[in-house]
Structure formats: C-alpha cells, structure tokens
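In what follows, residues are counted from 1 in the order of the sequence shown. We count ligands from 1, going down the list as the structure has it; atoms in each ligand are counted the same way.
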Amino acid sequence: MGIRWMGQALSSPFFPVCHKMAAKGDVCGSEVFSVQRLMIEGGTPLRGEIPVHGAKNSALPLLAAAVLCQGETVLHGCPQLSDVAAACRILTELGCRVRREGHSIFVDASSVSNPWVPDDLMREMRSSVVFLGSVAARLGEASLCFPGGCELGARPIDLHLFGLRALGMEIEERDRHIYARTGGRLTGARIRLRFPSVGATENILLAATLAQGETILENAAMEPEIVDLAGFLTACGARIRGAGTDTIVVEGVDRLHGCEYTVMPDRIEAATWLCGCAAAGGEILALGARADCLQSLLPLLERMGCRIRVMPEGVLLAAPARLAGCGQVVTSPYPGFPTDMQAVLMAAAATAEGESRFTETIFENRFRHVAQLEKMGARIQVDGMEARVEGVPLLHGAEVEATDLRGGAALAVAALGALGVTQITQLRHIDRGYESLERDFSAVGAKIVRI
Ligand code: EPZ
C-alpha cells in the first residue's frame, strides 16, 4: 500500500517524485534509510483559516518560571514542539512533577530539589539557559553547561551573567560549566543592559522576583514574550511594573504560588502563515494572530500589495497577483522588525516585482537560507549584514535543506509559490518551532506532504 497523506495516495500525479523515491526505498531492501523530507508542489493559492499556536519563545521561559512556584502551575496553549518537550524533561530532572494533556502542561514544583540541568538537555536546547535564574533563585544554587553557539552565531550569555551577578549571584565559569550560588537570598539592584537581550531580560526578571527589595532593569527587552512572562509571574504573586517598556521594576516577594495561564499566540508562526500566503497567492485568516505583535510586518506586506484586515478572530491577508518589493528592511530589537521574521519575508520578496533589501543587525549568521533560495532561482546578493533581493517572476522547485528554524520555514514559504516540486530536508530544524508545517499549510490547500 503506497504512502498516503491527507487521503491522497503518493502515487497520484501530484507526487510522482515521492512515488519514485518510495519505489527506490523498496529497492534498497528492508532497511529504508529514513530521511524525512517535505515535498511541496507550488502554484496553489491558499484559502481558508490557519491556526496560530502558542508561542514557543514564550512557553519556554514560562516553563522555567514554573520552578519558582511552590505549588502547581497549569500552562494552556503550549505548542507540541521538540524544544517544549526538552524543557519538560529538564523540569522533571529538577524534581518537578510534569504531565501533559494536549496543549496543556501541568507542573508541580513543590518538591523541586536538584539544581543541575543535565548537559545533554542543555546541548539539545541552548535556550535552557533561561533556567539558570529561576533554579538559582528557588534553590540557592544552579549548575548547567555553557549553552554554546548555534547556526545563527556565537550566542554569548555575558549579559545574563552580568545581570545575575548584579543581583548578588556568585557565578563561577569552569570547564564549560556554570556554577551559580546565591548564598541565601538575592538582593534587588539597578541593572542597565548594554543591549536589550531577550534571554538576559528573562533570566534577570525570573531571579529578581524572589530577591530582597527592588530591582530596576534598564534597557530591557520589550518583546511581547517579556510581557507574557511578566503576566504569568504577576498571576503567581510577583510584583512587576513596566514589562514591555525599556525599564522594568520588580519588587521582590518571599514566595510565588502556582497559577493557571494561557501562552500568547506565536507571532513568528503568524508571520510564517501570512508570508506563505503572500508568496502562494490567495486569501487566509491567521486564526488567533495578534495584530499588535505584528505591527512592523503588516505595513510591509501592505506595501508589497497585500490587503490586510485585522479581525476579532485574527489577521486576514489577501495576496495580489504579484507582490511588489518591500524596500529596505532592517532587523532590530522590538518594536523594530524582528530578526525571526527576516527569512520568511525574504522568501516572499524573492518573486516580488522590484528590489528588496534586508539588513540583519541581531545575529551574525542569519542569511544561511539565501544559498538554498538561490537553488530555487532566487537572485540575492549578500554583502556582509546586507542581502539585496532582485525579484524574479517565478521560482522553481529544487532539493533544498533547512539550515536553521526560520530559514527552513522560509524555504517552505518560497516553495508554496514556486513552479514544480520542492524537497526540503533537515526537518529537525523546522520541527523545533512548528508543530506540523505540512498539516497547517495543507489545511489551506497547499500541496505539501512529509515523507
Ligand atoms: C531570543 O533569543 C529568541 N529565542 C530568538 O528566537 C530570537 O531570534 C531572539 O530572542 C531575538 O529576538 C528564544 O526566545 C528561545 P537575544 P535570545 O539574547 O534570547 C547577543 C527562534 O527562531 N547577546 O536577544 O538568545 C546575541 O549574541 C529564536 O525562535 C549577547 O551578546 O536573543 C545576539 O546577537 C532564534 N550577550 C543578540 O544579543 C548575551 O548575553 C540577541 O540575542 C545575550 C545576547
């Protein structure tokens, strides 16, 4: 029985390539080498509603915050992603009782006891460094290995350590490990970040909630995920003012209780859906998308010729027959244009009429998707931190590989509007940030299958 997806047999005319591959697999005998790939046949305009799930980059710090709570926390709207599963494994290792029911995660941190985040989990997910502040503040000590860099660049954590030390945490860096001790209770402080790091803001905010006295954090990150974290902590009894501005004030409390909370919608996933429709054509409603978190993207999509309507249920986008270029886009900390949206917008701009220019100011290595887009016929000149896109009438299908999470999503966006079939491999990158790209895009008519 041939492989079937969404009721469509791979032997159907849409999947000639998969059919051949499946046959080749049989020829290899019993051991078919299982390389998962997405097969996308472009050219079908998207139509319908596509759900936006809970934000990965909010669920992760919220799960770390649960360590601070002496009681049970319930988080609704947690996306089913490998990174979220890794965070749940860390919580269990720390001594929390964790269970998952669909998109809800129940964490009881009453008996958290172990201050050590296992190395293998740190290496699986570098953003686990956000556990440093909450574990040390709750247990008086914490130990984890250096998170190290990733596909996007070096990813230092000097700002995290600077802020936590300012709160009185003694941090030793030895053998690629971090050993932190609070020597009793942390003490509130005035801290000014040289750069509004999202992770450092989260780590400092988590540790400051249980410190003695007041903490003033200046040049703090203003991302919506920071506001979500402050909302959760406040629901647990923390006293926080100014989240979402560049100055956050925390009045330390003795203890935090659990709470029930719903994770905010994923603004990067919403951007992916909207850019996918801009590239493929058609009209979709990104269900649950919050326009206020997309305020730097929506005007660009309108400039490119898309019709945007903000509805109570989400954001509606109708694509033009052909996009216009988006002009100059410079990524910067919120409320500037988010670096996480750069790749998916570039993918849509690849077939726009005219030129689009992207300047990446956040990460030193965030143009790795360009070479893959060029395999599909895109014309992009990279010069240092700037990428100049000269729109072409149409891209064509190709065999490409995901280089990182958002770069991989960008390839799917480009493939939806391309002529022919595109194969995307290295799906582990994409699966870190999307529950099922193929399920969600298929729901609005895209011809996309995972084999
Ligand atoms: C968060 O990473 C997100 N990850 C990233 O999303 C996102 O791209 C980034 O914020 C920027 O918005 C999560 O929330 C899990 P930063 P984070 O600290 O916290 C430098 C995705 O696709 N820096 O704001 O690591 C750093 O090198 C991911 O979901 C220091 O120099 O971002 C980078 O150049 C990718 N020292 C810049 O700041 C530090 O101590 C931004 O980093 C910390 C950061």
Nitrogen or oxygen of [X] less than 3.5 angstrom from that of ligand 1:
{"X": "Ser127", "result": "no"}
{"X": "Leu405", "result": "no"}
{"X": "Phe363", "result": "no"}
{"X": "Ala200", "result": "no"}
{"X": "Glu202", "result": "no"}
{"X": "Thr339", "result": "no"}
{"X": "Asn57", "result": "yes"}

>> Going by the rule side chain to side chain donor-acceptor pair (under 3.5 Å), which residues pair with Arg379 if we only count those two or more places apart in sequence or in a different chain?
In response: Glu390
For [atom], what's the nearest protein heavy-atom neighbour? Residue, atom name and distance, please.
{"atom": "atom 22 (O) of ligand 1", "value": "Arg406 NE, 3.1 Å"}
{"atom": "atom 16 (P) of ligand 1", "value": "Val198 N, 3.7 Å"}
{"atom": "atom 38 (O) of ligand 1", "value": "Phe195 CE2, 3.5 Å"}
{"atom": "atom 6 (O) of ligand 1", "value": "Asp340 OD2, 3.0 Å"}
{"atom": "atom 35 (C) of ligand 1", "value": "Leu152 CD1, 3.6 Å"}
{"atom": "atom 25 (O) of ligand 1", "value": "Arg155 NH2, 2.9 Å"}
{"atom": "atom 18 (O) of ligand 1", "value": "Ser197 OG, 2.7 Å"}
{"atom": "atom 36 (N) of ligand 1", "value": "Asp158 OD1, 2.7 Å"}

> Which of these, Arg406, Gln342, Glu374, Glu401, sits in a side-chain hydrogen bond (donor to acceptor under 3.5 Å, both in side chains) with His369?
Replying inline: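 Filter result, single survivor: Gln342.
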>> Once rounded to the nearest 0.5 Å, what's the spacing between atom OG of Ser356 and atom CG of Leu345?
In response: 7.5 Å
> Are any of the protein's heavy atoms under 4.0 angstrom from atom 44 (C) of ligand 1, yes or no?
Replying inline: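 Looking at atom 44 (C) of ligand 1, one finds that a protein heavy atom does lie closer than 4.0 Å.
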> Which one of Thr331, Ile157, Ile362 has a non-hydrogen atom at the shortest distance from atom 33 (C) of ligand 1?
Replying inline: Ile362
>> My understanding is that we take every heavy atom of each candidate and find the minimum distance to atom 23 (N) of ligand 1. Doing that for Pro156, Pro61, Ala409, which one comes out nearest?
In response: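 Selected option, by shortest heavy-atom distance: Pro156.
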Answer yes or no: is there an ion pair linking [X] with [Y], defined by an N-O contact shorter than 4.0 Å?
{"X": "Arg99", "Y": "Glu101", "answer": "yes"}
{"X": "Arg190", "Y": "Glu218", "answer": "yes"}
{"X": "Glu173", "Y": "Arg165", "answer": "yes"}

Can you tell me which portion of [X] lies within the under-4.0 Å heavy-atom range of ligand 1? Options are side chain, backbone, both, or neither.
{"X": "Met125", "value": "neither"}
{"X": "Arg194", "value": "side chain"}
{"X": "Lys56", "value": "side chain"}

>> Is there a salt bridge (Lys or Arg N to Asp or Glu O under 4.0 Å) between Arg388 and Glu355? Walk through the geometry before answering.
In response: CA-CA 7 Å; Arg388 197 169 54 77; Glu355 187 183 83; 2.8 Å; yes
>> Using 30° and 60° as the class boundaries, would you call the ring planes of Phe106 and His76 parallel, tilted or perpendicular?
In response: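 Phe106 vs His76 ring planes: perpendicular.
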>> Counting only heavy atoms from other residues, nucleotides and ligands, does the tally under 6.0 Å from CG of Asp383 exceed 12?
In response: no
>> Quick check against the 3.5 Å criterion: does Tyr261 have a side-chain atom that pairs as donor or acceptor with the backbone of Leu62?
In response: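 The answer is no, because no donor-acceptor pair under 3.5 Å joins these two groups.
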>> Pair Arg37, Ile451 - check side-chain contact (heavy atoms from CB on, under 4.5 Å), show working.
In response: CA-CA 6 Å; Arg37 60 190 66 214; Ile451 56 174; 3.5 Å; yes
> With a 4.0 Å cut-off on heavy atoms, is Met341 touching ligand 1?
Replying inline: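 It does not; every heavy atom stays at 4.0 Å or beyond.
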> Given side chains that start at C-beta, do those of Leu121 and Glu93 come closer than 4.5 Å, heavy atoms only?
Replying inline: yes
> How far apart are the C-alpha atoms of Val98 and Arg89, what are their side-chain angles, what is the distance that settles it, and do they pass the side-chain contact (heavy atoms from CB on, under 4.5 Å) test?
Replying inline: CA-CA 8 Å; Val98 183; Arg89 289 207 300 280; over 6 Å; no
>> Under 4.0 Å from a heavy atom of Arg366: which atoms of ligand 1 are those, numbered in the order shown and with their elements?
In response: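 Close to Arg366: 8 (O), 22 (O), 35 (C).
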